[in-house]
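The block underneath contains the structure these notes are about, expressed in structure tokens.
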Amino acid sequence: MRSLNFAPAEIITGKGSLSVLKTLSGERFMVVTGGGSMRRNGTLGRISTYLDGKAVLLHEGIGKNPTIHEVEQGLSAMKAFVPDTVIALGGGSAIDAAKAMILFYENPDLQFDHLPVGKLPDRRKRVRLIAIPSTSGTASEVTKTSVITDPERGLKIPINCMANKPDIAILDCELTMSLPDNIVVETGMDALTHAVEAYLRTDCDDFDAVLAVGAILGILEWLPVSYAEKTEEAREKMHNFQCLAGLAFTNAGLTMVHGIAHALGGYYNFSHGLTNAILLPYVLSYNRQDPSVARKLERLARLSCCSDFVCAVEQLNDRLHIPRTIREMGLDEKTYQKDRRILAENSLMGPTASNPIKMNPDSIAAVIDSAYYGR
Ligand SMILES: [Fe+2]
């Protein structure tokens, strides 16, 4: 028996859907956002117009890998302002940070160092969360996941609980029109990785499979167009398909690609999507030893009209000008060899536990080696 959840309660899509904010109830809005792109492209200005007459606190400055410190800063601001609604605006980082702020705001007994895994709250009590993604990749607007970095331990901490699910997701592709090329590519490949990993999970059911396969085919078709031609149609398709990938993986879960990417990202502050993009073909090549994975990869090849799905991912990476190895991300060999053991151990945490092939420190180190050296 499984209990599926496709919250948020409401997903509002389409160009210009941001304007729904002017129709919402609520009096005290806290806006959590990132490093300034939403101010520069006019989105913050539009939001303040839509919220005219309400009390609004703007909390800016969430980085690309939000840290415990950033969450604590937002938590202090939240305690002082006492919002009835939080608007999380930006990439997955801003939305993840807002989720964690609210979780600790509503549950003051929780501590980052001792999160009771599996016993976290299943609902929010005081604050409504509206998530507005400005990138097309993490799908944090529909997931129960918040990933927060602990820089002291070099770890990314995934916090999974139903209380993290936003109440409303607003998918307005206008917000993505000014995205830099590298963000289009990296977030798009993150979304593809979500969908592929959800589909390859051994416990992926019919609901997850339809969502995941649909998202895979949509992203394969539209990500290259979104990158090269930057059309509004392509940006809207990517915004929708990344969300479908999120709905798939928030029920089915992820596997070893994200386990390794979290380890590398926590240690070196690497871009999450770029790391996933590089790792994906290496992990697929390894995982296809499993007969069920091999069958699913053959099905994906048939559906996407290619001879080999792993080759298709490599070719897509090439079209998107993604490096072929972790070494090409700028990690020198001496540093990599020094950190290799701890990276392997950290990679075993989180979604790697659900990889179709059970991993140990030696086997996962070999997979990371293959992605580092390009073997
Ligand atoms: Fe991801």
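Atoms within each ligand, like the ligands themselves, are counted from 1 in listed order.
- Annotation: salt bridge (charged side-chain N to carboxylate O under 4.0 Å, His left out) contacts of Lys79 (sequence neighbours excluded): none.
- Ion pairing between a basic and an acidic side chain is recognised when a charged N comes within 4.0 Å of a carboxylate O; Arg123 and Asp167 show no such pairing.
- Protein N/O/S atoms nearer than 2.8 Å to the Fe ion (ligand 1) total 4.
- Ion pairing between a basic and an acidic side chain is recognised when a charged N comes within 4.0 Å of a carboxylate O; Asp208 and Arg201 show no such pairing.
- With sequence neighbours excluded, the residues that form a salt bridge (charged side-chain N to carboxylate O under 4.0 Å, His left out) with Glu174 are Arg46.
- Arg153 is linked by a salt bridge (charged side-chain N to carboxylate O under 4.0 Å, His left out) to Asp150, counting only residues two or more places apart in sequence or in another chain.
- Using a cutoff of 4.0 Å between basic side-chain nitrogens and carboxylate oxygens, Asp332 and Lys338 are not scored as salt-bridged.
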